[in-house]
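Below, read A as the first sequence line, B as the second, and so on, with proteins coming before strands; counting in each chain starts at 1.
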Amino acid sequence: MNLPKTYEPAEYESDIYALWEKSGVFTAHPESHKERFSISMPPPNETGTLSLGHALFLTLQDIMVRHARQQGKDALWLPGTDHAALAVNALIEKQLTEEGTDKHQIGREAFLARTREFVAASRGTMLGQMRAMGASCDWTRLRYTLDDALNRCVNEVFLKMYEAGVIYRGHRIVNWDPNLETTVSDDEMIYTEEKATFYTFKYGPFEISTARPETKFGDKYVVMHPHDKRYAKYKEGDTFVAEWINGPVTATVIKDEAVDPKFGTGVMTITPWHDRTDFEIAERHSLDKEQIIDFHGKLLPIAGEFAGMPITEARPKIVEKLRQKGLLIKEDPGYIHNVAINERGKGVIEPQIKLQWFVDVNKPAVDWNGKQRTLKEVLQSVVREGDITLIPKRFEKVYFHWIDNLRDWCISRQIWWGHRVPAWYRFHVDGTTETYVGLTPPINDGREGWNEWEQDPDTLDTWFSSALWTWSTLIDPELANDYSLTLNDLLKQSPDYQAYHPTTVMETGWDILFFWVARMILSTTFATGEVPFKTVYLHGLIRAEDGKKMSKSRPESIIDPLDVIPKYGTDALRMALIMGVTPGNDQNWGWSKIEANRNFCNKLWNIARYIESATADSDAGKGEPKTDADHWILLKLQQSADKIDQDITNFRFSEAYGTLYHFVWDDLADWYVEASKIAPNPALLNSVLQSVLIMAHPFAPFVTETIWQTLDGKTEESTLAQQLWPEIPKADAKQAEHFETVKTIVSETRFITKSLGASDATLYFTDVPFLSQNAELIKRLGQLHDVAEVQNGNGLYLTSTSYRCWLDIDQATAREFALQIEIKLKTQQALVERLASRLSNKSYISKAPKEVVEQTKDQLKDAQIQLDAISKEYDRFK
RNA sequence: GGGCAAUUAGCUCAGUUGGCCAGAGCGCGGCGUUCACAUCGCCGAGGUCGCAGGUUCGAGCCCUGCAUUGCCCACCA
């Protein structure tokens, strides 16, 4: 087949993907007896489009899974999408606002219907984009976090945790987002620095400071450190009357070690309802708590004349009032403090006390390795004891530190999109309440005095369901409909779960280590008694070309993979994303990298073009090595294949790709293909090409498969995607070494003739049989007039080889080369001296490993021989 | 406040357990195009591996300190 001159990816990629899908090569086979390899794809949020970040993880995981298939494993890469409760909910609410309505007006059912419609459309787009990236996932097992079977798993885990007392419902201080009107977890908050005014007010006999005067209406406790001498005369429980915003209040003195005597005046008033630290102080001393700000961010009636005002509006007015009362002592306008913001929706978080559902991380209720442990302890244990390995290892510290600071996890959300909390309540006329938690709604038994069961209106944190992802996706969906089966039955009877769990590796970004990875470990160990995965590979973020974050506020900084792919090809994008990139480290987007990799695809393409034209008329055959070059390329191929194989297995993708890149470009294209033009070995060329295509396939699946399909005797049934890692024929090391010498001679010849402008030179040599055999080759590669064997003669001797070779360059021209020789001589002398002095060092001889010493001796011997040659040449010039 | 990382060629970055004269891509200088590829070939220049100590026969790599940059966590009213 005639291939066009350059590789045009857009012409082949979609057909190639369709070919793979048709062949079924991506489908896992739990019934097989092969070794397993499984990855759960981190489900992208169904918000519409894939980013470069998605492109990166799809590439990394695709490399792993394609390579696992090449190793003959039964590989499962399970794809899916996430309902992304908060993100999608916020998006739909924004749409409604723009249409001049809101969710309360249209109602829960209509809202959910509309959201379902939106995500169904997004999902289609996104799945298409995953295919465009070449992702070889098992589409027959596509999952969605809101699937019925997954919902069953969510309810099972909720129930199991509830029964174990790990999930409880209680009044706790939570992070409230007044914009989205929901709680968010600690991890979903980001802090931004803000400059504010720091006010100091007179409060009875004390001075107190605050940046938030609007929370101070209900303050009736002053707190100070028990050992603060300045306030020693005040005792815990002392009361006094202070003039305050809306008149006098009676305040009580409290002593607590949470107060930092060095900060401000060392005295503060507390607002337990709207501050976590204050809440904890209030709990310790059994103090009253009062709500000041409502859930819409407006002041409550306690604020008197300010009631109903949003806090931003009220703040200056309150300050003004206190000033007029003469209570304002100081204003510091340069106060820098952190403001907590919801990562989604950017609402300013207002701590509130609220009745919510929590996961208790400190209750010893988990049966792990025969002991009752807390969720925290299990989280620590599995990483500490090596059940789970993090790559890179340094994230283990980050992980442990996070666990140390971990508080109970608030899992209920006041949004509509998501898994509904599986709890029902009913109320008695006497005011008592009954709670029911279960997989299915309770039946109304019409008991006297009780009203009907009502389901909790809240939904669960998205991460509660994605925490189950590695195994909830492996539950057989049919079995999950059968409620006579327990969760354990489901696990035992689901073939996929039995075959693929725990998954081999979890590959994801370090930025969701806490959100997701840690929570998968938490929930999965609890629910199944197994870890979710054995290895966690964490990749870094992709930043803009200037090293800053890609951000919506700078639209020009965002690169859309779908803009890159048509122009440069998916393969180029994939390789650009892994080239020179190490785990856990961020990378900057670079157009030069993508060009380099597009060029690499073209290089592969043209190697194939050449080989196909050179082997058109020959029989396929096995490909026996004949020439020195043949042996050399086989040796290099073997070494490269081994290294790539090992590096991929050990998650060193950049290294693996580097090896491939240099083998293809430096060894195969620059030397072997050129050599084969003199002494063609078509069968071997063909087999080398096939091996290379297999080795390159995990990195560049499209171009390699496109080429593969053009090879003689290939049919659509034989895709490259299903080929096993190549077996390389044995090569003779001695002959390979001969070709290395040829390379050395050619390189030096090129250097000399280039720097002297001496074209058409002739190379002579004496008594070297393998050089005679490679004479034509040297002549061509060195662009020489001739290469000839003679007994002796004059000219410019080569110094990089111990064989006697010289170029027929006359003394006058060669004289210009004297400086080069001199430099070379000095370098070589330095090298010999270094090696010699190392060997004369007695402690080196006695302490360094023998093989290292031997190596040094050999090096010295070689260096000495070369030095002799150079100095001989140098003397001739003198 | 606590922690993690980075600092290597003009730029962006590799360098796996310490073992020869430190690597890549891009960029730069020179030469080159019938014969797979100008998305190309050939030749070359360019680095006291942030600074200062230490351990070692031997340090870009290990230890200590310092400097600069980035990030994470916590958060004091």
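- The residue A/A863 sits apart from the nucleic acid: no heavy atom pair falls under 4.0 Å.
- To the nearest angstrom, P of B/U39 lies 17 Å from CH2 of A/W605.
- Look at A/W665 and you won't find any side-chain N or O under 4.0 angstrom from OP1 or OP2 of B/C37.
- We find that CG of A/N599 is positioned 10 Å from C1' of B/C37, with the value rounded to whole Å.
- Among the atoms of the strands shown, base atoms are found under 4.0 Å from some heavy atom of A/A848.
- In this structure, A/T856 reaches neither bases nor backbone, as no heavy-atom distance under 4.0 Å exists between it and the strands shown.
- Among the heavy atoms of the strands lying under 4.0 Å from A/D670 are primed sugar atoms or P, OP1, OP2 only; no base atom is included.
- Note on A/R407: only backbone sugar-phosphate atoms sit closer than 4.0 angstrom, heavy atoms only; bases stay farther off.
- Using a 4.0 Å heavy-atom criterion, one finds that A/R652 contacts the bases of the nucleic acid, with or without backbone contacts as well.
- Here B/U48 sits opposite no nucleotide as a Watson-Crick or G-U wobble pair (both hydrogen-bonding atom distances under 3.5 Å).
- To the nearest angstrom, P of B/U16 lies 8 Å from CD of A/E655.
- Minimum atom distance to the side chain of A/N405 is reached by B/C73, of the listed B/U16, B/C73, B/G44.
- In this structure, A/M579 places its CE atom 13 Å from C1' of B/G23, rounding to the nearest Å.
- Considering only side-chain N and O atoms, A/K393 lies nowhere under 4.0 angstrom from the phosphate OP1 or OP2 of B/A5.
- Nucleic acid contact class of A/V223 (heavy atoms, under 4.0 Å, all strands): none.
- Across B/A77, B/G25, B/C37, the shortest atom-to-atom separation from the side chain of A/T210 is found for B/A77.
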- request: Report the C-alpha distance between A/W244 and A/L322 in whole Å, list the side-chain angles of each, state the deciding distance to 0.1 Å, and finish with yes or no for side chain to side chain contact (heavy atoms under 4.5 Å, CB included).
  value: CA-CA 8 Å; A/W244 199 226; A/L322 286 163; 4.1 Å; yes
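- Base pairing of B/C42 is made with B/G30, judged by Watson-Crick or G-U wobble geometry with both donor-acceptor distances under 3.5 Å.
- A/N841 comes within 4.0 angstrom of the backbone, heavy atoms only, and of no base.
- B/U68: Watson-Crick or G-U partner is B/A6, with both key distances under 3.5 Å.
- Distances shown here put a side-chain N or O of A/K677 below 4.0 Å from the OP1 or OP2 atom of B/A36.
- More than 12 non-hydrogen atoms from other residues, nucleotides or ligands lie less than 6.0 angstrom from CD of A/Q380.
- Rounded to whole Å, the separation between the P atoms of B/A67 and B/C51 comes to 16 Å.
- Annotation: A/H337, atom NE2; neighbour count of heavy atoms from other residues, nucleotides and ligands within 6.0 Å is above 12.
- What separates CD of A/Q820 from C1' of B/G44 is a distance of 9 Å, to the nearest Å.
- Of the candidate nucleotides B/A38, B/C76, B/G19, B/A38 has the atom nearest to the side chain of A/K5.
- Mapping A/S747 and A/D586 onto RNA chain B by nearest heavy atom places A/D586 closer to the 5' end of the strand.
- The CG-P distance, from A/D546 to B/C11, rounds to 16 Å in whole Å.
- Contact annotation for A/G580: backbone-only contact, meaning every heavy-atom pair under 4.0 Å involves sugar-phosphate atoms and none involves a base.
- Here the nucleotide nearest the side chain of A/K603, chosen from B/C72, B/G41, B/G15, is B/G41.
- Of all nucleotides present, none satisfies the Watson-Crick or G-U wobble test against B/A22 with each distance under 3.5 Å.
- A/Y234 and A/F206 have their aromatic ring centers within a separation under 6.0 angstrom.
- For A/K754 against B/C42, a side-chain-to-base donor-acceptor contact under 3.5 Å is present.
- Across all strands shown, A/Y191 has heavy atoms under 4.0 Å from base atoms, whether or not it also approaches the sugar-phosphate.
- For the pair A/I607 CD1 and B/U39 P, the computed distance is 17 Å after rounding to whole Å.
- Remark: A/N585 is not in phosphate contact with B/C13, judged by side-chain N or O atoms under 4.0 Å from OP1 or OP2.
- No contact: A/Q828 has no heavy atom under 4.0 Å from any strand.
- A/E257 has no carboxylate O lying under 4.0 Å from a charged side-chain N of A/R284, or vice versa, which leaves the two without a salt bridge.
- Geometrically, A/K330 does not engage A/F201 in a cation-pi contact defined by less than 6.0 Å to the ring centre and at most 45° from the axis.
- Residue A/K549 is classed as having no contact, given no heavy-atom separation below 4.0 Å to the nucleic acid.
- Backbone-only contact: A/R834 has heavy atoms under 4.0 Å from sugar-phosphate atoms and none from a base.
- When both pairing distances are held under 3.5 Å, B/A14 makes no Watson-Crick or G-U pair with any nucleotide shown.
- Note on A/R598: a base of the nucleic acid sits closer than 4.0 angstrom, heavy atoms only.
- Residue A/R394 places none of its side-chain N or O atoms closer than 4.0 Å to OP1 or OP2 of B/C4.
- Residues A/K824 and A/E748 are paired through a salt bridge, judged by an N-O separation under 4.0 Å between the basic side chain and the carboxylate.
- Taking the charged nitrogens against the carboxylate oxygens, A/K826 and A/E822 do have a contact shorter than 4.0 Å, which makes a salt bridge.
- Atom P of nucleotide B/A5 and atom CZ of A/F395 are separated by 9 Å, given to the nearest angstrom.
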